[in-house]
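Note that these values count all heavy atoms, side chains included, but never hydrogens, waters or copies made by symmetry.
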Amino acid sequence: MNVVEPGGASEDLIRHNGQEFGLVLEGELQLIVADETYEIRVGDAFSFDSDRPHGYRNLGKVTTRILWINTPPTF
């Protein structure tokens with residue numbers, strides 16, 4: 001589970017081998033993948049190739065919780 005507090009964000013855009021999948025369980029998140037920005041909310045799912053530059057930020061006022069899966073694992 002990935003938890004992002006209000007105002008929290010990834011440090012920079014990152015890229016690595018693999019794929020990522022996610023499902024927003026609570027809150028909302030701005031997801032950046034390459035040149036696209038997405039506003040994702042509760043119930044929204046996403047997937048992308050991890051070799052594309054990506055990052056995120058919580059612009060909302062509540063904690064965001066995401067079931068976030070990377071393959072292969074990066075942690």
Side-chain angles (χ1 to χ4, degrees):
M1 170 112 40
N2 192 355
V3 177
V4 186
E5 298 298 333
S10 56
E11 291 186 23
D12 287 311
L13 295 181
I14 60 170
R15 57 188 340 173
H16 49 89
N17 290 330
Q19 293 185 321
E20 303 194 28
F21 309 89
L23 173 66
V24 180
L25 303 174
E26 293 180 30
E28 58 188 55
L29 196 71
Q30 184 179 72
L31 177 66
I32 302 110
V33 180
D35 295 329
E36 299 289 329
T37 300
Y38 305 92
E39 303 296 328
I40 55 176
R41 294 175 173 75
V42 173
D44 289 344
F46 60 86
S47 67
F48 57 89
D49 290 330
S50 302
D51 63 352
R52 299 174 70 197
H54 56 281
Y56 58 86
R57 64 179 62 107
N58 181 349
L59 299 176
K61 296 183 182 198
V62 299
T63 300
T64 299
R65 289 179 171 76
I66 308 131
L67 176 62
W68 200 313
I69 301 165
N70 293 17
T71 183
T74 56
F75 51 91

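Using cut-offs of 30° and 60° for the angle between ring planes, the His16 and His54 rings count as perpendicular.
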### Task
Could you give me the CA-CA distance, side-chain angles and deciding distance for Val33 and Phe46, then say whether side-chain contact (heavy atoms from CB on, under 4.5 Å) is met?
CA-CA 10 Å; Val33 180; Phe46 60 86; over 6 Å; no

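The distance from the CG atom of Asn2 to the CG atom of Leu25 is 10.5 Å, given to the nearest 0.5 Å. Interatomic distance, CG of Asp44 versus CD of Glu28, reported as 10.0 Å (0.5 Å rounding). Distance check, rounded to the nearest 0.5 Å: CG of Asn17 to CG of Asn70 gives 11.5 Å. Between atom CG of residue Leu29 and atom CZ of residue Arg65 there is a gap of 13.0 Å, rounded to the nearest 0.5 Å. Rounding to the nearest 0.5 angstrom, the gap separating the OH atom in Tyr38 from the CD atom in Gln30 is 12.0 Å.
Checked options Val4, Thr37, Ile32; the residue passing with Arg57 is Ile32 (criterion: side chain to side chain contact (heavy atoms under 4.5 Å, CB included)).
Scanning both residues, Pro72 and Gly18, for their nearest heavy atoms gives CD-CA, 3.7 Å.
By the 4.5 Å heavy-atom criterion applied to side chains, Tyr56 and Ile66 are not counted as neighbours. Between Thr63 and Pro6, the closest side-chain pair of non-hydrogen atoms falls below 4.5 Å.
Linking ILVMFWY side-chain heavy atoms closer than 4.5 Å, directly or via other members, places Trp68 and Ile40 in a single hydrophobic cluster. No continuous path of ILVMFWY side-chain contacts below 4.5 Å connects Val24 to Val62, so the two sit in separate hydrophobic clusters.
Checked by atom type, the side-chain pair Ser50/Glu20 shows a donor-acceptor distance below 3.5 Å.
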